[in-house]
Amino acid sequence: MTFPTDFVFGAATAAFQIEGATAEDGRGASIWDRFCRTPGKVLHGDTANIACDHYHRLEADLDLVRELGLDAYRFSIAWPRVLPDGRTVNPRGLDFYERVVDGLLARGITPMATLYHWDLPQVLEDAGGWPARDTASAFASYADVVGRRLADRVAHWVTVNEPWCSAFVGYLEGRHAPGIRDLSASLAAAHHLLLGHGLAVPALRAAGARSIGAVVNLSDVHAASDRPANVAAAARVDGHENRWFLEPLRNAHYPDDMLAWYGQRADLAPLRSGDLATIAVPTDFLGINFYERHVVAHDSSEPIHEARKLPVPPPLTAGGCAIRPDAFRDVLVRVHRDYGAPVIYVTENGAGFADYVDPEGGVDDLERVEYFRGYLGAVEEAIAAGADVRGYFAWSLLDNFEWALGYSLRFGLVFVDFGTQRRIPKASARFYSQIARSRGQHLALTAAT
Ligand code: FCB
């Protein structure tokens, strides 16, 4: 593998998934704290009250990033630590993130900070949540508060992480917090997440931020056959998961086919067209998270999109995602070709497996090694095809709280024993570290053990 010498290798995490300390130093509750306490929402009733206890193990965890030889670390800032009641600044919340940033810089690691990785303060949900327009301006005020404290030291800023998941998994499918199932609410939520992004960018710039982008999760979507009904169903899934976010962010409009489809099923009044110029504010990069490839058939019994995702053939991750590096390459190349050749950071990519510690005390996650080998190869191919990919962040540094799946699925380069909080770098960590350290040289990669 050959990556440009200035290509950035990093790892990513998110506040709620790793920090724990949910009631410490003035932190307020988030929608995910509430969701975890609601019976039946999170597998096995898991909570993130302790998670990886990262809040108390910050320095040792940052040492891990350095020991892996990574250039950059993507973390998220918990809005309810900074503004517990949605309005009043909690300096101790900001102090923690200042320690994160300064700790990274002291170790020679570039910080990439995400402002919103799904942990909306519960008070703001009580006031209407993302379906309410005011939440977008509340987000811009939060961006301003954080930016004024940290923009001088954070190299890259992400406004919102995966607005598709926040809006549609949270307010349409109800599988994520706040667990609502309402198409109109979810479309309003998606719009206000995008608007929040558009308002946060100038707030961050005014605070001195230099590199800012949104992160979208994109999927590779194919029709089950060339039957027109299947092709149309696939176009709706693509419209829902990809174009609904790429078009407004990059081209200042919503896709016409989806506007027509949703217009017959939902109230689109909150989607004020005057907001589109705000949403499409110029940014410095587009963050892409990639996990999924879908094969879609028409099925009129499926709610809303009348589209069914067919079971995917192996190889699969334990989370049921198809292992298809070619799908990843195609998505990167598509964004480059169809959406104005943006600077791209792959802000997340990785695989969930049921890892375990072997009798010798190691974690030989060879499936994940193969996954990273394939997907990093896809990034190289996308770059060779012209895509301006500047960096890659493995999801995740640590095994962590995987949302509604609790602790059942492990994504880390580093294994976490949740009983003792012991960290054990996996075989994939050594493999990834080897790639990061040998950039610019041609490497015949071996599954490092
Ligand atoms: C993404 C999320 C991230 C993590 C991975 C597996 O959708 O952004 O927090 O849960 O999936």
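We number each residue from 1, following the sequence as shown.
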* Mind running side chain to side chain donor-acceptor pair (under 3.5 Å) on W164 and H240 for me, showing each step along the way? => CA-CA 8 Å; W164 181 83; H240 176 53; 3.3 Å; yes
* Are V146 and W79 close enough that some pair of their side-chain heavy atoms sits under 4.5 Å apart? -> no
* In chain order, what residues pass the ring-ring contact (aromatic ring centres under 6.0 Å, His included) check against F35, with sequence neighbours excluded? -> W32
* With a 4.5 Å limit on heavy-atom distance, are the side chains of Q421 and D53 in contact? -> yes
* If you measure from the Lys or Arg side-chain nitrogens to the Asp or Glu carboxylate oxygens, is any gap between K426 and D399 under 4.0 Å? -> yes
* Charged tip of R410 within 45° of F415 ring normal and under 6.0 Å -> yes
* Asked: Are F393 and N289 side-chain neighbours, meaning at least one heavy-atom pair lies under 4.5 Å?
  -> no
* Asked: Hey, is CZ on R422 packed in by over 12 heavy atoms from elsewhere, all under 6.0 Å?
  -> no
* D144 side chain to Y142 backbone, donor-acceptor under 3.5 Å -> no
* For the pair R430 and D365, find out whether any cationic side-chain nitrogen is under 4.0 Å from an anionic carboxylate oxygen. => no
* **Ion pair E19/R81, N-O distance below 4.0 Å** => yes
* Are F372 and F431 close enough that their ring centres sit under 6.0 Å apart? -> no
* Asked: With distance as the sole test, does S186 use its side chain to make a donor-acceptor pair with the main-chain N or O of F168 at under 3.5 Å?
  -> no
* Are the side chain of R329 and the backbone N or O of A382 linked by a donor-acceptor pair below 3.5 Å? -> no
* Between CG on residue L413 and CG on residue L398, distance to nearest 0.5 Å -> 8.5 Å
* NZ/NE/NH1/NH2 to OD/OE distance under 4.0 Å, R57 and D61 -> no
* Among V369, L70, L68, find the residue that satisfies the side chain to side chain contact (heavy atoms under 4.5 Å, CB included) test when tested with Y432. => L70
* To do: Spell out, as yes or no, whether a donor-acceptor pair under 3.5 Å connects the side chain of D417 to the backbone of G419.
  => yes
* Structure fact -> Nearest heavy-atom approach of L249 to A214 is CD1-CB, 4.3 Å
* Can you find a pair of side-chain heavy atoms, one from V416 and one from N400, that are under 4.5 Å apart? -> no
* Structure fact -> Closest heavy-atom pair, A29 versus P80, reported as atoms and distance to 0.1 Å, is O-CB, 3.9 Å
* Ring center gap for W395 and Y291 short of 6.0 angstrom -> no
* **Flag, side chain of S396 to backbone of F411, donor-acceptor distance under 3.5 Å** => no
* How about E367 and S428: do any of their side-chain heavy atoms sit closer than 4.5 Å? -> no
* Basic-acidic side-chain contact under 4.0 Å: D63, R66 -> yes
* Excluding sequence neighbours, so at least two apart, what forms ring-ring contact (aromatic ring centres under 6.0 Å, His included) with Y345? -> H156, F285
Atom pairs and distances, side-chain donor-acceptor, residues 37-46, under 3.5 Å, sequence neighbours left out:
| residue | atom | partner | partner atom | Å |
| --- | --- | --- | --- | --- |
| T38 | OG1 | R34 | O | 2.8 |
| D46 | OD2 | Y407 | N | 2.9 |

* Asked: Of the options F401, Y116, W118, which is the one that meets F16 in a ring-ring contact (aromatic ring centres under 6.0 Å, His included)?
  -> F401
* Determine the sole option in I18, V65, L104, L62 for which the side chain to side chain contact (heavy atoms under 4.5 Å, CB included) test with F75 is passed. => L104
* Answer with yes or no after comparing the ring centroid distance for F3 and F9 against a 6.0 Å cut-off, counting only values under it. => yes
* Considering all heavy atoms, the nearest H176-A404 contact -> CD2-CB, 4.2 Å
* Asked: Would you call E241-K309 a salt bridge at under 4.0 Å N-O?
  -> yes
* Structure fact -> Heavy atoms of G129 and L120 approach each other most closely as CA-CD2, 3.9 Å
* Between CD1 on residue I288 and CD1 on residue I344, distance to nearest 0.5 Å -> 4.0 Å
Side-chain donor-acceptor contacts of residues 197-205 below 3.5 Å, not counting sequence neighbours, with atom names and distances?
| residue | atom | partner | partner atom | Å |
| --- | --- | --- | --- | --- |
| H197 | ND1 | T159 | OG1 | 2.6 |
| R205 | NH1 | D284 | OD2 | 3.1 |
| R205 | NH2 | P282 | O | 3.4 |
| R205 | NH2 | D284 | OD2 | 3.0 |

* **Presence of salt bridge, R92 and E24, under 4.0 angstrom** => no
* Side chains of V158 and L115 in contact at under 4.5 Å (non-hydrogen atoms) -> no
* Salt bridge check: are R236 and D238 linked by an N-O gap of less than 4.0 Å? -> no
* Structure fact -> All heavy atoms of E67 vs all of S433, minimum pair found to be O-OG, 4.4 Å
* Asked: Does atom CG of L405 have more than 12 heavy-atom neighbours, drawn from other residues, nucleotides or ligands, at distances under 6.0 Å?
  -> yes
* Structure fact -> Across all chains, not counting sequence neighbours, the ring-ring contact (aromatic ring centres under 6.0 Å, His included) partners of Y339 are none
* Asked: Should L187 and M258 count as side-chain neighbours, where that means a heavy-atom distance under 4.5 Å?
  -> no
* Return yes if some donor-acceptor pair links the side-chain N/O of S141 with the main-chain N/O of S137 below 3.5 Å, else return no. => yes
* Pairs meeting criterion side chain to side chain donor-acceptor pair (under 3.5 Å) with involvement of residues 315-324, two or more places apart -> R324-D326
* Any donor and acceptor pair, going by atom type alone, linking the side chain of E380 with main-chain N or O of T2 inside 3.5 Å? -> yes
* To do: Measure across G374 and P325 and return the closest heavy-atom pair with its distance rounded to 0.1 Å.
  => O-CB, 3.3 Å
* Is there a donor-acceptor pair under 3.5 Å between the side chain of Q17 and the backbone N or O of C52? -> no
* Backbone of V215 reached by a side-chain donor or acceptor of N161 within 3.5 Å -> no
* Structure fact -> Exactly one candidate in T114, T347, T110 meets side chain to side chain donor-acceptor pair (under 3.5 Å) with R74; the answer is T114
* Does Y392 use its side chain to pair, donor to acceptor, with the backbone of V8 at less than 3.5 Å? -> no
* Start with the C-alpha gap between V89 and L83, add the side-chain angles, then the distance that decides, and say whether side chain to side chain contact (heavy atoms under 4.5 Å, CB included) holds. => CA-CA 5 Å; V89 177; L83 294 158; 3.8 Å; yes
* Asked: Are side-chain heavy atoms of Y73 and P111 found at a separation under 4.5 Å?
  -> no
* Do E98 and R149 sit within salt-bridge range, that is, some charged N less than 4.0 Å from a carboxylate O? -> yes
* To do: Given salt bridge (charged side-chain N to carboxylate O under 4.0 Å, His left out), test D102 with R153 step by step and report yes or no.
  => CA-CA 8 Å; D102 290 345; R153 281 158 287 169; 3.1 Å; yes
* Less than 4.0 Å between a side-chain N and a carboxylate O, is that true for D355 and R368? -> yes
* To do: Assess the side chains of E162 and H117: does a donor N or O sit below 3.5 Å from an acceptor N or O?
  => no
